[in-house]
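As structure tokens, the structure follows; a few thoughts come after it.
In each ligand, atom 1 is the first atom listed, and ligand 1 is the first ligand listed.
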Amino acid sequence: MPRTFKYIVAATTLVASHFLHASNSPAAAPITFTEHVAPIVFENCASCHRPDEAAPFPLLSYRDVQKRAELILTVIDDGYMPPWHAQSKDFEFHGRRGLDPEEIETLVAWVDGGRLEGDPAKLPDLPQFTSGWQLGEPDLVVSMSDGYTLYAEGPDIYRNFAIPLNLDEDKWIQAIEFRPGNRAIVHHSLFYYDTTGEALAKDRSDPIPGYKTMGNGVERGGAIGGWAVGGIAKKLPEGLAYRLPKGSDLILSTHFHPSGKEETEVSTVGFYFSEKPPTQRFTAVQLPPAFGALARVNIPAGDPNYTKTDSFVLPVDVKAFGISSHAHYLGKRMNLSATLPDGTAKELLTIDDWDFSWQEQYQYKDYVALPAGTRLDAEVVWDNSVNNPNNPNDPPQRVRWGRESGDEMGSITLQMVAADPAEFGTLAQSIRSHVSEARKNARNARGRQNRLSNTIAPRIREQLITRFDTDKDGKLSAEEREAAQNALRRR
Ligand code: HEC
């Protein structure tokens, strides 16, 4: 059977030359699982393909791999596995996943050569994993005390869960590993600490686990990171940490999306503390801010390239270390570029095949130095056409910004420190101003719309409604109003 793999083509040519070469030597050793394949699979696949991790089956033994060999070649060829979506031609990412051409060549040759097991004595040791954790044994593990049961169908639920930590001293957090008990329904969870006891009191006074929230976390308390589908816990770079004051309760602010059957969630959280207090503070700029809430995201049905952009000029020299992006099912492409004061352009991140299932927090291998005056340009592109296989609507529907999974969001977040810690305040202030600027612009845009509806004579208003109410719901939606506004302006 001829292979039609696009990317393995090159590899099979390599394989051919490999065998040509090998056939000259007297004892061309066959490619076997224990000697050649297991090291590749253990190194690149086993961290997720083991019990209690996100992957649906283990890849730890000859049998595990042998029986799925064709599927494995297919997903590698598609670039679907190992999962990795972040690209940059200028900077390297820490822990990048991917196979070399020679490794792919070996896998193909093994399958073509009859999937031999080989000498069991040659099987390498499995890498050392801590069962149940990606980052090893945590310093502190806590869980929700009771399961929260989510209905089979209905609107998405945002709910907070308060968990006492009983810390008798301040701690410095290097990483938090979040383990959803039920990956089918947990869309994301944001972490906060609360030193007032209010969250815990609310949780305890609510008859079912957790308490209701508007989805914007907590009224008070510190933000200490979060998890979204596909997220793999990462430690902050040396010298950086979140402060966790003694006496804090942990708040998990979780977004659930029903799966079609009733499900129960018990989340578990592992804390990794640093011995020493951090040497400096860090922050993040999000473009556009608030996951796009202020950017008037309003995606027409069928639009394959709906785009929002946002820019931010760095007020001081910074060193960037982490980057992530967020969108829902219509997300298509993300790009963050930096234009340095001398005009040089650098690619901080491109994701050209956005996948809702892999919302990873990426870290650069080394700090990325960006001088004061550097302009960051973010671009988020959505595909609301029928050609987007992840489009939840068939036929496509207009989709706006919103907090349901079926609504959209979109933004890119860059984490950084001020190169000179003394300038941290200037950096943080400038980021806050960017957010309030976006808020002001959004308010002005809304104001313009309201003025249109309030200052127009009733007779004209009625005419406008008749003419522009395309969805015939008796009122003008944001985009119908925009069309009316444009028509008025043209008069
Ligand atoms: C970071 C975690 C991770 C790593 C590393 C990883 N996988 Fe996966 N893999 C997953 C998850 C999660 C799924 C389920 C995805 C889904 O259902 O969409 C999956 C699914 C698969 C599937 C099933 C695909 C299907 O269509 O049913 C195969 C085959 C697979 N992985 C092979 C591999 C191989 C081979 C490697 C190493 C080269 C690898 N994976 C590395 C997490 C991982």
For atom 8 (Fe) of ligand 1, find the closest N/O/S atom belonging to H49 and write down its atom name.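 In H49, the heteroatom (N, O or S) nearest atom 8 (Fe) of ligand 1 is NE2.
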Please work out which of C48, A55, G95 has its closest non-hydrogen atom nearest to atom 1 (C) of ligand 1. C48
For atom 5 (C) of ligand 1, state which one of V41, I72, N44 supplies the nearest heavy atom.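 It is N44 whose heavy atom sits nearest to atom 5 (C) of ligand 1.
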Distance filter under 4.0 Å to A54 heavy atoms, resulting ligand 1 atoms: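 Listed by number with element, the hits are 12 (C).
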Which of the atoms of ligand 1 are close to R97, meaning less than 4.0 Å from one of its heavy atoms?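 Every atom of ligand 1 under 4.0 Å from some heavy atom of R97: 1 (C), 5 (C).
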What's the shortest distance from [atom] to any protein heavy atom, and which residue and atom give it?
atom: atom 36 (C) of ligand 1; value: C45 SG, 2.7 Å
atom: atom 22 (C) of ligand 1; value: F57 CZ, 3.5 Å
atom: atom 10 (C) of ligand 1; value: M81 CE, 3.4 Å
atom: atom 24 (C) of ligand 1; value: V75 CG1, 3.9 Å

May I ask you to check whether [X] and [Y] show a side-chain donor-acceptor distance below 3.5 Å?
X: R97; Y: N44; result: no
X: D156; Y: H255; result: yes
X: H326; Y: Q359; result: yes
X: S88; Y: D90; result: no
X: T350; Y: D352; result: no

Any [X] heavy atom less than 4.0 Å to ligand 1:
X: R68; answer: no
X: W358; answer: yes
X: P56; answer: yes

Below 2.8 Å, can you find an N, O or S atom of Y80 next to atom 8 (Fe) of ligand 1?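 So Y80 does not bind atom 8 (Fe) of ligand 1 by this criterion.
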